[in-house]
Amino acid sequence: MAFVVTENCIKCKFTDCVDVCPVDCFHVGPNFLVIDPDECIDCTLCEPECPANAIHAEDEVPEGQEIFIQLNAELSKLWPVITAVQDAMPDADEWNGKPDKLALLER
Ligand code: SF4
Ligand code: F3S
C-alpha cells in the first residue's frame, strides 16, 4: 500500500508534506504533487501535515477520487523529486476546498 495525493492539492500545493517524508518520495508538477507508490513506506507522517487534507492512505481515498491512485503512480515517474518546502500556489487558500479541480491539473 502507499499514500496518495488527491484532488484538493491541485492549485494549492502547500508542500508542507515534503518536509516530513523520510524517503523523499514526493514528485512535483506545475500545480500538483504526487507520491511515488514504489517508494512510499507508509510511515503516515505526511497525512496530518497537509493543510488541504489531500493525502490519504490508498485504501482510504475518498469516494470518486480513486483515479488519483493511478495518477500518483503515473506522474511520479514523469515529474522530478521535491525535497524542500516551496511557496504555495498563488491563491492557494482560495482554492483550498473547491470541488472539481481535476480538470485544472497541469502536466
Ligand atoms: Fe513519505 Fe511517509 Fe507520506 Fe509515504 S506516508 S509519502 S513515506 S511521508
Ligand atoms: Fe499538496 Fe498538501 Fe502537499 S496541498 S503539496 S499534498 S501539503
Side-chain angles (χ1 to χ4, degrees):
M1 207 181 68
F3 278 64
V4 177
V5 184
T6 60
E7 186 165 29
N8 202 32
C9 176
I10 296 170
K11 289 185 79 70
C12 291
K13 208 169 94 170
F14 288 108
T15 76
D16 303 58
C17 52
V18 306
D19 210 24
V20 297
C21 182
V23 292
D24 295 342
C25 59
F26 283 92
H27 293 247
V28 60
N31 65 0
F32 186 51
L33 253 64
V34 291
I35 292 168
D36 183 342
D38 296 330
E39 299 292 334
C40 176
I41 57 169
D42 276 345
C43 74
T44 77
L45 290 175
C46 58
E47 185 178 14
E49 294 302 316
C50 176
N53 196 25
I55 302 176
H56 302 279
E58 193 177 319
D59 61 358
E60 292 174 357
V61 167
E63 207 180 328
Q65 296 203 37
E66 295 82 0
I67 190 173
F68 283 90
I69 298 171
Q70 177 57 33
L71 281 171
N72 277 243
E74 178 190 332
L75 296 173
S76 62
K77 305 301 181 223
L78 303 175
W79 289 348
V81 169
I82 172 174
T83 56
V85 173
Q86 299 178 350
D87 288 341
M89 300 289 291
D91 305 322
D93 288 330
E94 253 175 64
W95 284 98
N96 188 357
K98 287 219 170 130
D100 303 326
K101 292 197 278 184
L102 178 56
L104 305 172
L105 174 62
E106 295 172 31
R107 297 191 179 223

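Order of appearance sets the numbers: ligands from 1, and atoms from 1 within every ligand.
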Atoms in ligand 1 with a heavy atom of [X] nearer than 4.0 Å:
X   : result
F3  : 5 (S)
C43 : 2 (Fe), 5 (S), 7 (S), 8 (S)
F26 : 6 (S)
C21 : 1 (Fe), 7 (S), 8 (S)
V23 : 7 (S)
I35 : 6 (S)

What is the nearest protein non-hydrogen atom to [atom], stated with its residue, atom name and distance?
atom                    : answer
atom 5 (S) of ligand 2  : T15 N, 3.2 Å
atom 6 (S) of ligand 1  : C25 SG, 3.3 Å
atom 4 (Fe) of ligand 1 : C40 SG, 2.3 Å
atom 4 (S) of ligand 2  : F14 N, 3.5 Å
atom 7 (S) of ligand 1  : I41 N, 3.4 Å

Do [X] and [Y] land in one hydrophobic cluster if side-chain heavy atoms of ILVMFWY residues count as linked below 4.5 Å?
X   : Y    : answer
M89 : V18  : no
V28 : L105 : yes
F26 : M1   : no
I67 : I55  : yes

Notebook entry, point to check: Would K13 and D87 pass as an ion pair if we require N to O under 4.0 Å?
Noted result: no
Margin query: For a quick test of reading the model, state the closest non-hydrogen atom pair linking V20 to C46 and the distance between them.
Written below: CG2-CA, 3.6 Å
Within ligand 2, which atoms have a heavy atom of [X] less than 4.0 Å away?
X   : value
C17 : 3 (Fe), 5 (S), 6 (S), 7 (S)
C9  : 1 (Fe), 4 (S), 5 (S), 6 (S)
D16 : 7 (S)
I55 : 6 (S)
C50 : 2 (Fe), 4 (S), 6 (S), 7 (S)

Margin query: So is P51 touching ligand 2 or not, going by heavy atoms under 4.0 Å?
Written below: yes
Check: Could you go step by step and tell me if I10 and E106 meet the side chain to side chain contact (heavy atoms under 4.5 Å, CB included) rule?
Finding: CA-CA 9 Å; I10 296 170; E106 295 172 31; over 6 Å; no
Item checked: Part of V18 within contact of ligand 2 (heavy atoms, under 4.0 Å) -> neither
When rounded to the nearest 0.5 angstrom, what distance separates [atom1] in [X] from [atom2] in [Y]?
X   : Y   : atom1 : atom2 : value
L33 : L75 : CG    : CG    : 11.0 Å
D38 : N72 : CG    : CG    : 11.5 Å
N96 : F14 : CG    : CZ    : 4.5 Å

Check: What do we get for I55 next to ligand 1 when only non-hydrogen atoms under 4.0 Å count, side chain, backbone, both or neither?
Finding: neither
Next item on the list: Say whether, by atom type as modelled, one donor and one acceptor occur between the side chain of E49 and the main chain of E47 under 3.5 angstrom.
Entry: no
Check: Within less than 2.8 Å of atom 3 (Fe) of ligand 1, any N, O or S from C46?
Finding: yes
Next item on the list: Any chance you could lay out the side chain to side chain contact (heavy atoms under 4.5 Å, CB included) test for Q65 and N8, step after step, and finish with the verdict?
Entry: CA-CA 10 Å; Q65 296 203 37; N8 202 32; over 6 Å; no
